[in-house]
Amino acid sequence: MNEYRSEQIDVIKGRNHLLYKVLWGFFIVDLLIDFWVDPEIALFMLPLGAVVFGIVTYLAISNRHPVFTMYFTVSSFYFFLFCLLWVQPIMVNYLYIWFCFILSTIYHQYRVIVYAGVLSIAMSSYFFLADRELFANVEDFDLIFIILFFVFVTLFFSLSSQFTETLRLNSEKREKQTASKLTETREYFHSIISQTADAILVQSKNGDVMTVNRAFLELYGWNEEEMRNIPFQHIPATQKTVFNEVLSKIVNGEAVSGYEMVNQKKSGELFPVSVTFSPIRNVDGSIRAIAGIYRDITEAKRTEELIIQSEKLSVIGQLAAGVAHEIRNPLAILSGFVQFMREEKISEEYTGIMLTEINRMNQILEEYMQLAKAKPFTTSELDLTALVKETLVLMEAFASLSNISIHYTMQADNCMIKGDANSLKQVLINLIKNAVEASEQGSKIEVIVKRTSGYATIEVKDEGQGLAHEDLKRLGEPFFTKKETGTGLGLMVSFKIIELHQGEITVTSEPNTGTIFSVMLPELNKNH
């Protein structure tokens, strides 16, 4: 109710401003005619009209009492007409009584229309009875019909004004309801766009940014001001041609769903995305903009790669099982002959070494078979330093063939761990062998044993060519190797063995500076 009352006051204020301008126009025209007909009348009406309409103007501009100003304005015009008819009683001036009544309808307020109608009837009746000479041909009985006609016109304007006001209010009500629904819808969709985890970008057909949500800014690293003030580039140069082909489909009215492409962040980092493009149309059906929903599929791609790698591992496991099965037979025969030679006292020292190595080779095959079928290790408490020394005895001869020296540093002793000795020895052999093959003749390899935060750590450092950053991520993958005759299976098995020991292998490398493999194994509690 208060809101409606406030709206009515605002309407009355506007009508007051309009009406005082109309009255000044009427006043000026009347003065010009009076000066032309009878200058004495004009000199009388000039100060009277200036004072009356001056007060009306002041009240309308000040807006202090708009309702009072409305009634005062109508009353002032009637007062001016009364004075005009008093000094110049001619038929033309009588017609202005109804002109004033018509002006009152501008307010669309039935009360002021009734008020103006009463004043019109009263003023017309007064001058009809007072000036009989002017209305000599009009019977007294006719005044009743004139008054009835005036009453009818007043009622008609009042009802018309009420009807018009009702239509206006209904129209404004519907307009407000529509605006409210539009606002709610806009807020609803704005909430969805701003809160969704998918990145959303709306661009014009020319590529200008129109709307972007928070998820998009977080994903790409830009802020909204940057995207609007500089050419926004989230499509790398290599994808421009393909992207333009997709946009041409959208412009032709097609929708593209789940399109995979490469995008670029503000930092320059490239990453895969899945994009759904949709055209946004105007009322006439023409395309106004293009909306894109961008979803980062980096993790999905990684999962896909892991699945592929798992399938490769399955194939490798089956292959390893087959190879192990075929090699075991000649190994068994060789082992039998060596035992026979040992019983015959033929070179017992060499036959002992041969038997040891044959057993180790058999154990290596067992490790490969773990790729096909998991087999628990035979674990025991081990001194890691002693295990490293034992392994180095075997590998020093191999390194010397390439004129490469191995330097051993023990920064910690009595590093007790729990694990399978043969499996861990195989890991060390693989790492040292890779270091030798990556090094040039005359260089050296460092093997360091130390403690780091509850772990016993072995570092194998070479002076080779090193590895690029993208190659480091692929270490341990089957069939990935930088050696001409390698298969990548050695590192893959080594990573798996250390993982089963609850340990970790980390690699640091820079091109032309060498590579460091760090094997971390949980150290046993000394009080255990």
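Residue numbers count from 1 along this sequence.
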When rounded to the nearest 0.5 angstrom, what distance separates [atom1] in [X] from [atom2] in [Y]?
X	Y	atom1	atom2	result
His501	Met520	NE2	CE	15.5 Å
Ile458	Ile417	CD1	CD1	6.5 Å
Cys415	Glu523	SG	CD	5.0 Å
Ile505	Phe495	CD1	CZ	5.0 Å
Ile497	Leu424	CD1	CG	7.5 Å
Met416	Leu521	CE	CG	13.0 Å

Open item on the list: One pair to check against side-chain contact (heavy atoms from CB on, under 4.5 Å): Asp462 and Phe517. What are the steps and the verdict?
Closed with: CA-CA 9 Å; Asp462 63 55; Phe517 279 83; 5.5 Å; no

Are [X] and [Y] close enough that some pair of their side-chain heavy atoms sits under 4.5 Å apart?
X	Y	answer
Thr385	Asn414	no
Tyr259	Ser274	no
Val460	Asn434	no

- [ ] Begin with the C-alpha distance, continue with both residues' side-chain angles, and end with the deciding distance and a verdict on side-chain hydrogen bond (donor to acceptor under 3.5 Å, both in side chains) for Thr409 and His407.
- [x] CA-CA 7 Å; Thr409 303; His407 295 263; over 6 Å; no

Kindly say whether [Y] contributes a backbone atom to a donor-acceptor pair with the side chain of [X] at under 3.5 angstrom?
X	Y	result
Thr391	Leu387	yes
Asn213	Ile200	yes
Ser439	Ala435	yes

Open item on the list: Could you check whether Lys433 pairs with Glu437 (Lys NZ or Arg NE/NH1/NH2 to Asp/Glu carboxylate O, under 4.0 Å)?
Closed with: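 So Lys433 pairs with Glu437 through a salt bridge.
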
TODO: Salt-bridge test for Arg302 and Glu299: reply yes if a basic N is under 4.0 Å from a carboxylate O, no otherwise.
DONE: yes

Search all heavy atoms of [X] against all heavy atoms of [Y] and return the closest pair with its distance.
X	Y	answer
Ala60	His17	O-NE2, 3.0 Å
Ser402	Gln441	O-CG, 3.2 Å
Met210	Ala289	SD-CB, 3.5 Å
Ile445	Ile432	CD1-O, 4.3 Å
Ala456	Leu384	CB-CD2, 3.7 Å
Lys266	Gly221	CD-O, 3.3 Å

Open item on the list: Give me each pair satisfying salt bridge (Lys or Arg N to Asp or Glu O under 4.0 Å) with a member in residues 279-293, each pair once, sequence neighbours excluded.
Closed with: none

Step through the shown structure and confirm whether more than 12 heavy atoms of other residues, nucleotides or ligands are within 6.0 Å of [atom1] on [X].
X	atom1	result
Lys265	NZ	yes
Arg214	CZ	yes
Gln411	CD	yes

- [ ] Would you mind listing every side-chain hydrogen bond (donor to acceptor under 3.5 Å, both in side chains) that reaches into residues 503-512, with sequence neighbours excluded?
- [x] Ser509-Thr515

Task: Centroid separation Tyr294 to Phe216 less than 6.0 Å - done: yes

- [ ] For the pair Glu459 and Glu446, evaluate side-chain contact (heavy atoms from CB on, under 4.5 Å) and give the outcome as yes or no after the intermediate values.
- [x] CA-CA 8 Å; Glu459 288 187 355; Glu446 294 185 34; over 6 Å; no

- [ ] Tell me, with the steps shown, if Val212 and Tyr220 meet side-chain contact (heavy atoms from CB on, under 4.5 Å).
- [x] CA-CA 11 Å; Val212 64; Tyr220 286 82; over 6 Å; no

Task: Audit row: Asn430, Gln426, side-chain hydrogen bond (donor to acceptor under 3.5 Å, both in side chains) steps and yes/no - done: CA-CA 6 Å; Asn430 281 337; Gln426 178 60 29; 3.2 Å; yes

